[in-house]
Every structure is written in C-alpha cells, then in structure tokens.
Amino acid sequence: MKLKLLTTLIALTLSAPAIADKPEWAGKGKPTAEQKQAYKDAKQSNRENRDDDDGLREREKERMEKMKEKRDRDDNDDDRDNEKKKYKKEKKSKDDDDDNDKDKKSR
C-alpha cells in the first residue's frame, strides 16, 4: 500500500510540468483559410523578390569580374613598370661599369 502511494506521488510530481498550460507563443491549432492565403501570398512575394535578387546577383557578379579584369590589367602595368625600372637600373649599372673601365684604361 505504501509503495503504491509513493509511486503515485512520484508520478504526479514528475508529470506536473507536462500538465502545465501552453505558453503564449505555442501554436493554437490549424490555421484558418485567411492565414493559409496570407502565407501563400507571402511565399509568392518572396519568390518574386528572389527573382529580382538573381538579376542583382548577376549584375554584381559582372561588376566583380570587371573589377578583377581591371586589377589584372593594373598588375600587368605594374609588372611592366618594374621591368622597365629594372632594365634602366641594369643599363645604368652597365654604363657605370663601362665608364669605370674607360677610366682605368686611361690611367
């Protein structure tokens, strides 16, 4: 008898949270026809916006490609400038060496 009473008390204590009222944010059953229609309309609107976003994404992609091409051209220009500077430096160094050789020969 005591075991049944103890078991019942433990079961009631543990099941108390399950018996609690639903919170305010919990669902209140099936949606009405108006709610279903509003959901469908919102979903359709999102699809249309996504289509607009696709066009935007394409334009953004094209813009990024143009920027990359410009960056590549600028990098190539920098490489050419560096090569010119290197060539001028080598030429100047060679000219200086030639001048030094001439001075040594003249002495």
Side-chain angles (χ1 to χ4, degrees):
M1 179 74 174
K2 289 183 181 181
L3 185 58
K4 285 185 179 181
L5 181 61
L6 184 61
T7 305
T8 305
L9 286 174
I10 291 173
L12 286 175
T13 304
L14 294 175
S15 66
I19 300 172
D21 292 334
K22 274 187 177 179
E24 184 69 28
W25 52 266
K28 306 241 189 245
K30 292 185 176 184
T32 63
E34 287 178 4
Q35 290 171 330
K36 288 180 182 179
Q37 186 61 40
Y39 177 77
K40 286 180 183 178
D41 293 342
K43 197 171 181 180
Q44 180 64 30
S45 174
N46 284 342
R47 280 192 194 125
E48 291 170 359
N49 289 339
R50 196 173 328 124
D51 291 342
D52 291 343
D53 288 346
D54 288 341
L56 180 64
R57 285 186 192 121
E58 288 174 15
R59 288 190 302 273
E60 182 67 17
K61 187 176 179 181
E62 289 172 3
R63 187 178 71 81
M64 295 300 286
E65 287 174 1
K66 286 179 182 177
M67 287 176 58
K68 185 176 185 245
E69 289 172 2
K70 184 181 184 305
R71 197 175 326 121
D72 290 344
R73 281 194 311 268
D74 291 345
D75 288 345
N76 288 339
D77 290 343
D78 290 343
D79 290 343
R80 273 187 254 133
D81 290 342
N82 289 338
E83 287 176 14
K84 286 179 183 178
K85 288 177 184 177
K86 185 179 176 182
Y87 175 75
K88 286 180 181 179
K89 189 174 183 180
E90 288 174 356
K91 186 176 179 183
K92 182 179 180 187
S93 175
K94 185 179 177 186
D95 290 344
D96 289 344
D97 288 344
D98 289 344
D99 289 342
N100 287 338
D101 288 342
K102 287 180 184 179
D103 287 342
K104 285 181 184 178
K105 287 181 181 179
S106 65
R107 289 184 187 171

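Side chains included, hydrogens not; waters and symmetry mates left out as well; all remaining heavy atoms used.
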What pairs with [X] under side-chain contact (heavy atoms from CB on, under 4.5 Å), at least two apart in sequence or on another chain?
| X | answer |
| --- | --- |
| Lys61 | Glu65 |
| Lys70 | Arg73, Asp74 |
| Met1 | none |

(message) Quick check for you: to the nearest 0.5 Å, what is the distance between Leu6 atom CG and Lys4 atom NZ?
(response)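 Result: 13.5 Å between the selected atoms.
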(message) Rounded to the nearest 0.5 Å, what separates atom NZ in Lys66 from atom CD in Glu62?
(response) 6.5 Å
(request) With sequence neighbours left out, write down each residue that passes salt bridge (Lys or Arg N to Asp or Glu O under 4.0 Å) with Arg71, or none if nothing qualifies. (result) none
Please tabulate, one pair per line, all N/O donor-acceptor pairs under 3.5 Å involving side-chain atoms of residues 31-41, not counting sequence neighbours.
| residue | atom | partner | partner atom | Å |
| --- | --- | --- | --- | --- |
| Thr32 | OG1 | Gln35 | N | 3.3 |
| Gln35 | OE1 | Thr32 | N | 2.9 |
| Gln37 | NE2 | Asp41 | OD1 | 3.0 |

(request) Linking directly or through intermediates, with side-chain heavy atoms under 4.5 Å: list the remaining ILVMFWY members grouped with Leu9, chain and number order. (result)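 Besides Leu9, the hydrophobic cluster comprises Leu5, listed by chain and residue number.
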